[in-house]
Amino acid sequence: MQYHLNGFKPGNYQVSDEAREPALPPPLLDLPKAVDVLIVGCGPAGLALARQLADFADIKTCIVEQKPGPMLFGQADGISCRTMEIMEAFNSSERLVKEAYPLHQNAFWEPDAQNPQRIKRAHKVADARLGLSEFTHGVVNQARLHDILLDGMAHSVTHLVPHYNRRLLELTVDRDLTQDLQAYPITAIFERNDAGQSSKVETIQARYVVGCDGARSAVRKCLGIELQGDSANKAWGVMDVLLVTDFPDIRVKSFIQSKDHGAVMVVPREGGYLVRLYVELDLLGKDQRASQLELGVDDLIARAQRIMNPYQLAVKEVAWWSIYEVGQRVAERFDDVPAGSPGDLIPRAFVAGDACHTHSPKGGWGLNTSLPDTFNLGWKLAAVLRGKSHPKLLRTYAAERRKVAFMLIDADREMSALVATRPSAGKDAASAKTGTAEIEHFIARQNGFIAGTSIGYDESWLCAGHRHQALADGLPVGQRFRSAQAVRVADGCPVPLGHLNKADGRWRIFIFGDARSPLDAASKSARLIAFLADAETSPVRQYTPAGADIDSVIDVYAVFQQQDLAIEQMPDFLWPAKGKYGLRDYEKVFQTNETYDVFEQYGVDRAQGCMVVVRPDQHIANLLPLDDHAALSRFFEAFMLK
Ligand code: FAD
């Protein structure tokens with residue numbers, strides 16, 4: 001798709017440039033008096049949480065934002081493969097894939113050895129993330145991601161819409177009420193910002209609150225949570241521009257280091273014409289803010305021009321620009337449970353996204369870490385609020401995501417140092433080692449982290465260890481369930497298995513059958529299916545409410561190696577009758593063939609098979625032998641409620 005040819009225009013990119021208009025903010029309605037979950041902030045973290053909770057008719061959610069309406073420009077633009085996968089879980093990846101500019105190459109530019117005041121391309125390589133996911137890393141205005149999430153919320157069963165123009169003033173947690181699950185221990189006070197009602201104050205009670213209110217989070221401050229780490233010492237300028245240039249890699253993500261003037265990163269943007277330039281600025285003094293540098297967009301353009309000498313940058317339009325500084329910091333806690341508290345204390349307030357980790361924009365990790373934060377928390381809140389899981393589940397959010405935040409900070413420190421390293425060009429070939437070659441090595445080494453696909457959770461009662469990993473070494477326990485295609489038995493259609501893991505709060509069990517045909521009642525696959533369908537200790541039987549569809553809590557799929565299978569030979573459990581008409585579900589049984597061999601791709605032991613338990617956030621929670629029915633029951637007993 002090409003757009004923005006005659007000027008940047010925000011709004012829905014599916015609409016032509018000529019016709020596109022920014023969406024109008026929704027009408028201002030009073031805040032509700034009491035809700036189950038209060039979300040503060042409409043960034044990627046807040047909206048991803050709201051998108052998830054909006055699908056539960058029995059959960060009352062309210063999301064509040066200080067700005068007057070949806071975002072139109074700027075901020076983050078890199079959408080990692082993992083974020084794309086999460087958007088697929090919301091049934092929304094297609095729009096994002098279509099609109100985003102896919103990144104297939106990285107270019108590295110350094111001072112020319114012959115004439116160090118000029119830059120020269122050092123090398124150009126394939127993007128190291130290719131192949132880690134069925135999705136490609138793409139670049140699109142953060143506002144479009146917001147729009148797609150907002151659309152999903154508005155069209156959900158709860159028709160959830162943000163309350164704009166409200167700034168959080170104060171938030172308190174009544175400590176006497178936090179351990180009573182039915183209580184509303186949170187009180188939040190908001191002030192209206194809009195011209196008509198400015199200074200009007202509204203109060204809302206909530207059972208849980210999640211501060212998704214960015215780096216200067218008011219929720220975090222009200223909870224008394226400190227940020228720990230380095231405060232900012234480096235400012236960067238960022239601008240989205242339409243320009244005419246003779247720089248040949250303007251449509252390639254490029255890392256450019258000049259000899260004397262600093263570094264620039266070029267990011268080709270959606271629509272084929274727009275480009276983002278990150279421009280390295282000066283070191284900040286202690287307690288100095290980027291705004292005090294008193295630089296404007298013309299200064300950024302002039303600096304970029306000096307760095308990219310001898311190429312010319314004729315900037316025709318600046319769609320958005322900003323100068324900002326970010327320190328590498330992580331919140332001491334991600335919830336309101338004081339350190340050292342007993343393990344069964346229930347948290348009622350959380351911080352997520354930039355509210356609990358800040359870092360530089362260079363790796364494009366802000367959005368791509370913030371959104372998975374609440375993708376981790378959302379299903380847990382839903383499971384506890386709906387009485388399906390023990391509230392101790394909520395403690396695992398901080399444990400799992402704080403570790404990721406530290407990985408992010410470490411990666412960002414390393415990347416920041418590399419991008420800002422001054423190359424000593426023109427000396428010898430080894431000098432390249434200190435310049436862009438190191439960035440290239442870093443990207444290749446950290447590709448799984450940068451793509452978000454290798455992020456895994458440590459062993460806990462919610463995530464079993466690697467004891468049986470050899471049964472499928474391509475499906476590491478703790479990491480997200482990677483998608484690969486298998487063929488549906490009922491209709492021969494190839495289906496990406498990862499896309500079966502929707503953000504609907506359900507658990508999934510994937511059965512990868514052993515060497516014996518599942519038609520043989522004595523095979524391990526057949527016996528596991530019989531156990532799941534009928535045994536008293538079957539987690540499916542135990543946790544599915546009477547009268548509900550059999551897959552409404554735990555959704556079971558089977559993938560077999562045998563070729564001579566037909567849907568009518570399968571046990572009813574694998575093509576169950578569902579819904580008010582008792583229609584049969586034909587989409588749970590798969591087989592491999594030469595083209596779509598998931599056993600090969602997942603490294604499944606063909607003789608023994610295995611079962612893989614997948615959490616509602618697509619991370620693999622357990623991998624077990626097909627006949628270890630007792631371990632499967634024990635796993636769910638640790639946290640599920642009947
Ligand atoms: P945010 O996106 O910051 O969202 C927080 C929301 O909370 C905001 O909408 C804010 O208005 C709202 N809010 C804050 N306080 C209150 C309050 N008291 N009451 C009500 N609402 C409140 N990342 C990149 O990768 N590349 C970039 O170039 C880049 N540029 C950036 C430029 C700027 C100016 C900023 C602020 C961030 C930039 N980032 C960039 C970072 C990236 O946008 C964030 O990492 C990402 O958006 C984090 O998502 P979040 O939902 O946690 O927080």
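Ligands are counted one by one from 1 in listed order, and the atoms in each one are counted from 1 as well.
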> In terms of atom number and element, which parts of ligand 1 are under 4.0 angstrom from non-hydrogen atoms of G43?
2 (O), 4 (O), 6 (C), 51 (O)

> Atom 34 (C) of ligand 1: which protein heavy atom is closest, and how many Å away?
S322 OG, 3.6 Å

> Looking at atom 14 (C) of ligand 1, what's its closest protein heavy atom, distance included?
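Here the closest protein heavy atom is D213 O, 3.2 Å.
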
> Under 4.0 Å from a heavy atom of A45: which atoms of ligand 1 are those, numbered in the order shown and with their elements?
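Heavy-atom distances to A45 below 4.0 Å select 51 (O), 52 (O).
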
> For residues W320 and F8, establish whether the separation of their ring centroids is below 6.0 Å.
no

> So, do L385 and F56 sit near enough that their side-chain heavy atoms are less than 4.5 Å apart?
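Counting from C-beta outward, L385 and F56 never come under 4.5 Å.
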
> Under 4.0 Å from ligand 1, counting heavy atoms only, is it the side chain of W320, its backbone, both or neither?
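The side chain, only.
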
> Any heavy-atom pair between the side chains of M415 and W365 that's under 4.5 Å?
yes

> Could you establish whether F190 and ligand 1 come within less than 4.0 Å of each other, counting only heavy atoms on the residue side?
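Distance cut 4.0 Å: F190 fails for ligand 1.
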
> Measure from NZ or CZ of R401 to the centre of the six-membered ring of F334 and say whether it is under 6.0 Å with the direction within 45° of the ring axis.
no

> Among Q66, K200, R167, which residue satisfies the side chain to side chain donor-acceptor pair (under 3.5 Å) criterion with E191?
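Single pass found, and it is R167.
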
> For a quick test of reading the model, state the closest non-hydrogen atom pair linking G152 to R51 and the distance between them.
CA-NE, 3.5 Å

> Considering all heavy atoms of both residues, which atom of L274 and which atom of A319 are nearest to each other, and what is their separation?
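Reported closest heavy-atom pair: CD1-CB, 4.3 Å.
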
> Can you name the atoms of ligand 1, numbered from 1 with element, that are less than 4.0 Å from a heavy atom of G41?
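Reading through ligand 1 atom by atom, the close ones are 6 (C), 7 (O), 12 (C).
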
> Could you check L171, D336, V35 and say which one makes a side chain to side chain contact (heavy atoms under 4.5 Å, CB included) with I186?
L171

> Tell me which one of G353, C42, P44 gets a heavy atom nearest to atom 49 (O) of ligand 1.
P44

> Does any non-hydrogen side-chain atom of L371 lie less than 4.5 Å from one of L145?
yes

> Under 4.0 Å, heavy atoms only, figure out whether ligand 1 is touched by the backbone of C212, its side chain, both or neither.
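Under 4.0 Å from ligand 1, C212 contributes backbone atoms alone.
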
> Of the listed options (L168, V238, I63), which comes nearest to atom 18 (N) of ligand 1 when hydrogens are ignored and any heavy atom counts?
L168

> Check for me whether R216 has a heavy atom closer than 4.0 Å to any atom of ligand 1.
no

> Would you say the side chain of N141 lies within less than 4.5 Å of the side chain of E270, judging by non-hydrogen atoms?
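A side-chain contact under 4.5 Å exists here.
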
> Only heavy atoms count here, so choose which of H146, E191, Q66, Q75 is nearest to atom 36 (C) of ligand 1.
Q75

> R166 heavy atoms, cut-off 4.0 Å: which ligand 1 atoms fall inside?
19 (N), 20 (C)

> Among all protein heavy atoms, pick out the one at the shortest distance from atom 39 (N) of ligand 1; state its residue, atom name and that distance to 0.1 Å.
Y324 OH, 3.7 Å

> Record the part of Q142 in heavy-atom contact with ligand 1 below 4.0 Å; permitted values are side chain, backbone, both and neither.
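The answer is the side chain.
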
> Could you grab the distance from atom SG of C42 to atom CG of D213, nearest 0.5 Å is fine?
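C42 SG to D213 CG: 11.0 Å, rounded to 0.5 Å.
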
> In terms of atom number and element, which parts of ligand 1 are under 4.0 angstrom from non-hydrogen atoms of R276?
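The atoms of ligand 1 under 4.0 Å from a heavy atom of R276 are 26 (N), 27 (C), 28 (O).
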
> Just so I know, are the side chains of Q142 and P44 near enough to count as touching, which here means a heavy-atom distance under 4.5 Å?
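Yes. Closest side-chain heavy atoms under 4.5 Å.
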
> How far is atom 8 (C) of ligand 1 from its nearest protein heavy atom, and which residue and atom is that?
E65 OE1, 3.5 Å

> Does at least one non-hydrogen atom of G78 fall below 4.0 angstrom from an atom of ligand 1?
no

> R276 and Y278: which non-hydrogen atoms are nearest, and at how many Å?
NH1-OH, 3.1 Å

> Just let me know how K67 lines up against ligand 1, side chain, backbone, both or neither, with a heavy-atom cut-off below 4.0 Å.
side chain

> Would you mind running through ligand 1 and noting each atom that sits below 4.0 Å from a heavy atom of G366?
45 (O)

> As a test of understanding, state which of L160, T374, V37 forms a side chain to side chain contact (heavy atoms under 4.5 Å, CB included) with L53.
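Between L53 and the candidates, side chain to side chain contact (heavy atoms under 4.5 Å, CB included) is satisfied uniquely by V37.
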
> What are the atoms of ligand 1, with element, lying closer than 4.0 Å to any heavy atom of S370?
48 (C), 49 (O), 52 (O)

> Against heavy atoms of Y278, which atoms of ligand 1 measure under 4.0 Å?
24 (C), 26 (N), 27 (C), 28 (O)

> Among L49, V219, D354, which one puts a heavy atom closest to atom 52 (O) of ligand 1?
D354

> Side chain, backbone, both or neither: which part of A76 has a heavy atom under 4.0 Å from ligand 1?
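Contact part for A76 vs ligand 1: both backbone and side chain.
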
> Which residue owns the protein heavy atom closest to atom 3 (O) of ligand 1, what's the atom, and how far is it?
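For atom 3 (O) of ligand 1, the nearest protein heavy atom comes out as G214 CA, 3.6 Å.
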
> Give me the atom names and distance for the closest heavy-atom approach of M239 to W321.
CB-CB, 3.8 Å

